[in-house]
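Notes follow the structure.
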Amino acid sequence: MTETTPKTRDELFAFLDGLGIKHTTKDHAPVFTVAESVSLRDEIPGGHTKNLFVKDKKDQFFLLTVEENATVDLKTVHTLIGAASKVSFGKPEKLMEYLGVIPGSVTAFGAINDGGHNVTFVLDADLMRDEIINCHPLSNDATTSISSSDLVRFMEATGHKPLVLKVTS
């Protein structure tokens with residue numbers, strides 16, 4: 001297995017620019033939890049995300065991107081996303097290997113680093129009703145805003161077909 005260096009924020013932005021995808025980014029102090037990021041809501045409109053990196057017993061990995069205050073039932077979500085069993089959280093080493101990010105910086109933009117297509121990306125249908133979606137640009141010291149349709153277009157350009165499913169209650 002060859003080690004590849006994760007893409008940088010600037011490489012992500014160049015990729016988006018190459019696709020003609022409009023995006024804006026606000027730099028801020030690092031935030032590690034949804035609670036820490038609440039102060040940014042007045043400055044950054046749109047749907048804010050939380051991301052759950054999970055796996056099933058067959059080591060199939062999933063990234064669930066949902067609205068920041070939504071609840072995901074980890075005991076039943078496997079029945080919705082096509083997992084082979086109940087899911088548990090993926091290890092930080094796999095998060096870095098597959099998505100090129102560390103805990104606290106998990107983002108749907110990590111698809112740019114998943115060249116091996118090891119992760120199934122799930123975008124919550126409720127979140128996708130927002131016109132603008134806000135995600136970390138591969139690090140938790142900034143927030144990048146992108147249209148929901150362009151987020152799907154970005155993922156498809158990385159070779160991923162995201163599942164848009166209602167996974168929250």
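The figures that follow rest on heavy atoms only: side chains count, while hydrogens, waters and symmetry mates do not.
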- Apply side-chain contact (heavy atoms from CB on, under 4.5 Å) to M96 and V101, showing your working. CA-CA 5 Å; M96 177 53 76; V101 295; 5.8 Å; no
- Query: Going through the distances and angles, do K7 and L12 end up as a side-chain contact (heavy atoms from CB on, under 4.5 Å)?
  - Reply: CA-CA 7 Å; K7 300 271 192 281; L12 169 67; 5.7 Å; no
- Item | side-chain hydrogen bond (donor to acceptor under 3.5 Å, both in side chains) assessment of T71 paired with S169 | CA-CA 6 Å; T71 302; S169 51; 4.9 Å; no
- Check step by step if side-chain contact (heavy atoms from CB on, under 4.5 Å) holds for T79 and V77. CA-CA 5 Å; T79 64; V77 74; over 6 Å; no
- Take T76 and K86, measure what side-chain contact (heavy atoms from CB on, under 4.5 Å) needs, and give me the verdict at the end. CA-CA 7 Å; T76 61; K86 288 184 180 176; over 6 Å; no
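For the atom pair NZ (K22) and CG (D17), the distance works out to 12.0 Å, reported to the nearest 0.5 Å. Interatomic distance, I44 CD1 to T24 OG1, rounded to the nearest 0.5 Å: 8.0 Å. Distance check, rounded to the nearest 0.5 Å: CG of L80 to CZ of F62 gives 11.0 Å. One finds the OG atom of S145 at 11.0 Å from the NE2 atom of H23 (value rounded to the nearest 0.5 Å). With rounding to the nearest 0.5 angstrom, the CG atom of D150 is 12.5 Å from the CE atom of M155. A distance of 10.5 Å separates CG of N134 from CD of E67, quoted to the nearest 0.5 Å.
Of the possible donor and acceptor atoms, none in the side chain of D56 sits under 3.5 Å from a partner among the backbone N and O of A83. When atom types are taken as modelled, the side chain of T107 and the backbone of H136 share a donor-acceptor pair closer than 3.5 angstrom. Here the side chain of K50 pairs a donor or acceptor atom with the backbone of A70 at under 3.5 angstrom. Remark: the backbone N or O of I132 is not paired with any side-chain donor or acceptor of D130 at under 3.5 angstrom. Between the T49 side chain and the T65 main chain, no donor and acceptor come within less than 3.5 Å of each other. Formation of a donor-acceptor pair under 3.5 Å by the S148 side chain with backbone atoms of I133 is not found in this model.
By the criterion of side-chain heavy atoms lying less than 4.5 angstrom apart, applied directly or through intervening Ile, Leu, Val, Met, Phe, Trp or Tyr residues, V152 is grouped together with L99 in one hydrophobic cluster. Hydrophobic clustering of Ile, Leu, Val, Met, Phe, Trp and Tyr side chains at less than 4.5 Å, counting indirect connections, unites V119 with L151. Residue V54 is not grouped with residue L63 when hydrophobic side chains (ILVMFWY) are merged at heavy-atom distances under 4.5 angstrom, including chains of intermediate members. Following chains of ILVMFWY side-chain contacts shorter than 4.5 Å, one can reach V66 starting from L165, so the two form part of one hydrophobic cluster. Placement of Y98 and L138 within a single hydrophobic cluster is found when ILVMFWY residues are connected by side-chain heavy-atom separations under 4.5 Å, directly or transitively.
Pairing each heavy atom of P6 with each of E11, the nearest pair is O-OE1, 4.2 Å. Nearest heavy atom pair, residue L123 against residue P162, reads CD1-CB, 3.9 Å. Of all the heavy atoms in P137 and T25, the pair that sits closest is CG-CG2, 4.4 Å.
Pairs passing the ring pair (Phe, Tyr, Trp, His ring centres under 6.0 Å) check and including a residue from residues 142-169, sequence neighbours excluded, read F15-F154, F109-F154, H117-H160, F121-H160. Evaluation of the side-chain hydrogen bond (donor to acceptor under 3.5 Å, both in side chains) test over residues 120-129, restricted to residues two or more places apart or in two chains, returns D124-T168, D126-R129, D126-K166.
Counting only N and O atoms by type, the side chains of S105 and S139 include no donor and acceptor under 3.5 Å apart.
Between R153 and L19 there is a side-chain heavy-atom pair separated by less than 4.5 Å.
The only option from K26, H28, H48 that meets the side-chain hydrogen bond (donor to acceptor under 3.5 Å, both in side chains) definition with T143 turns out to be H28.
The six-membered or imidazole ring of F53 lies away from that of F89, with a centre-to-centre distance of 6.0 Å or more.
Counting heavy-atom neighbours within 6.0 Å of E156 CD, excluding the residue itself, gives a total above 12.
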